[in-house]
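Single-structure report; data block below.
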Amino acid sequence: MREIKFCGKAKMSIEELDDLYLEHENGWVYGHLVMYGKTPYIVGDFIEVDSEYTVNEFWVPVYPESVGQFTGLPDKNGKEIYEGYICETVTYSGKPFGTIDVVKFSGGAFKLTDIKDALLPIPLDDSDIQSVEVIGNIFEHPHLIGGKHG
């Protein structure tokens, strides 16, 4: 069974996360996605469950636009790839050809979408892909895809 998990940028400051001893990567938290009304939370595994309540390792409110699902694949450096990540992709197509792509879920699969729309989206696990390297994400690095600085 594939691992289903999510990431999101915490609404808490890095100092608050550190004070609570919450594991994070520069304010990004990883775990399960739970919605409470319109507010998304990334939560840790259950540590206690009974018929009346559950207790999770942690609950962290995150920015809705930052939430991305794990694709199940690592980049060339072993970093997990999530939806919304910006990647430098090299394909074999004749000779190595590089593009800057955004990972999106489309048509039942995670795909690399060329930011210049010069190429059709290709599945992240396509055999024509030589390498994929995460270089940022659309929430914190929109300038990498021609958007405004975040």
Side-chain angles (χ1 to χ4, degrees), residues 1-36 38-47 54-93 96-117 119-150:
M1 176 187 291
R2 85 180 161 90
E3 186 174 18
I4 298 174
K5 62 183 178 177
F6 294 82
C7 70
K9 181 71 170 181
K11 287 186 173 181
M12 304 164 73
S13 70
I14 290 175
E15 293 77 21
E16 290 173 305
L17 293 169
D18 289 342
D19 288 347
L20 294 170
Y21 301 102
L22 294 174
E23 240 183 87
H24 65 92
E25 188 177 305
N26 199 28
W28 287 83
V29 290
Y30 301 83
H32 308 284
L33 176 65
V34 173
M35 295 297 293
Y36 183 69
K38 293 186 178 192
T39 303
Y41 287 80
I42 299 294
V43 303
D45 289 332
F46 291 119
I47 54 175
T54 63
V55 178
N56 292 76
E57 293 174 314
F58 62 87
W59 288 74
V60 178
V62 296
Y63 294 100
E65 61 275 17
S66 74
V67 174
Q69 186 174 0
F70 179 47
T71 65
L73 297 171
D75 76 353
K76 72 178 193 175
N77 300 313
K79 182 173 178 66
E80 293 179 339
I81 302 173
Y82 286 81
E83 182 179 14
Y85 275 17
I86 302 168
C87 300
E88 193 166 9
T89 307
V90 177
T91 55
Y92 289 108
S93 297
F97 178 72
T99 57
I100 302 297
D101 305 299
V102 176
V103 178
K104 296 181 180 180
F105 189 79
S106 171
F110 289 102
K111 296 181 181 176
L112 292 162
T113 304
D114 179 19
I115 63 163
K116 294 182 179 160
D117 289 327
L119 304 169
L120 293 173
I122 59 171
L124 192 54
D125 61 353
D126 192 283
S127 62
D128 193 43
I129 295 175
Q130 181 179 349
S131 69
V132 175
E133 182 176 15
V134 173
I135 59 172
N137 63 70
I138 58 175
F139 182 73
E140 289 187 318
H141 307 102
H143 59 283
L144 293 174
I145 57 171
K148 295 178 184 173
H149 290 276

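Since the model is a prediction, treat every value here as computed from it, not as a measurement. All residue numbers refer to positions in the sequence shown, counting from 1.
- Note: I86 CD1 to D101 CG = 10.5 Å, rounded to the nearest 0.5 Å.
- Using modelled atom types and a 3.5 Å distance limit, the side chains of T99 and D114 yield no donor-acceptor pair.
- Heavy-atom contacts from other residues, nucleotides or ligands closer than 6.0 Å to CD of E23 number 12 or fewer.
- Taking 4.5 Å as the limit, some side-chain heavy atom of H24 sits within range of a side-chain heavy atom of D18.
- The distance from the CG atom of L20 to the CD atom of E15 is 12.0 Å, given to the nearest 0.5 Å.
- Taking each heavy atom of L17 and A10 in turn, the nearest pair found is CD1-CB, 3.8 Å.
- Residues E80 and Y85 share a closest heavy-atom pair of O-CE2, 3.4 Å.
- Y30 places a side-chain heavy atom less than 4.5 Å from the side chain of Y82.
- Sparse packing is recorded around CZ of F46, with 12 or fewer heavy atoms of other residues, nucleotides or ligands lying under 6.0 Å away.
- N137 is listed as a side-chain neighbour of W28, based on a closest heavy-atom distance under 4.5 Å.
- Pairing each heavy atom of G31 with each of I42, the nearest pair is N-CG2, 3.4 Å.
- Contact of the I138 side chain with the V102 side chain is registered, since non-hydrogen atoms from C-beta on lie closer than 4.5 Å.
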Next on the checklist: Between V67 and L33, does the side chain to side chain contact (heavy atoms under 4.5 Å, CB included) criterion hold? Intermediate values first, please.
Outcome noted: CA-CA 8 Å; V67 174; L33 176 65; 4.1 Å; yes
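- The structure places NZ of K76 at 13.5 Å from CD1 of I129, a figure rounded to the nearest 0.5 Å.
- None of I135, V132, D75 except one satisfies the side-chain contact (heavy atoms from CB on, under 4.5 Å) rule with C87; the exception is V132.
- Between F70 and R2, the shortest heavy-atom distance links the atoms O-NH1, 4.2 Å.
- No donor-acceptor distance shorter than 3.5 angstrom exists from the side chain of S66 to the backbone of F139, with no hydrogens or angles considered.
- Heavy atoms only, all atoms of each residue included: P64 and K11 are closest at CD-CE, 4.5 Å.
- The cationic atom of K9 (NZ for Lys, CZ for Arg) does not lie both less than 6.0 Å from the six-membered ring centre of Y63 and within 45° of the ring axis.
- By the 4.5 Å heavy-atom criterion applied to side chains, T91 and I122 are counted as neighbours.
- Considering CD1 of I100 and CD of E133, their distance stands at 9.5 Å, rounded to 0.5 Å.
- To the nearest 0.5 Å, atoms CG (N26) and CD1 (I14) are separated by 4.0 Å.
- You'll find the side chain of F110 reaches within 4.5 Å of the side chain of Q69, heavy atoms only.
- For the residue pair P61 and T39, the shortest heavy atom distance occurs at CB-CG2, 4.4 Å.
- Between V103 and L112 the shortest side-chain heavy-atom distance falls below 4.5 Å.
- Residues I4 and H32 are not in side-chain contact: their nearest non-hydrogen atoms beyond the backbone lie 4.5 Å or more apart.
- Take E57 and apply the salt bridge (charged side-chain N to carboxylate O under 4.0 Å, His left out) test, not counting sequence neighbours, and it matches no residue.
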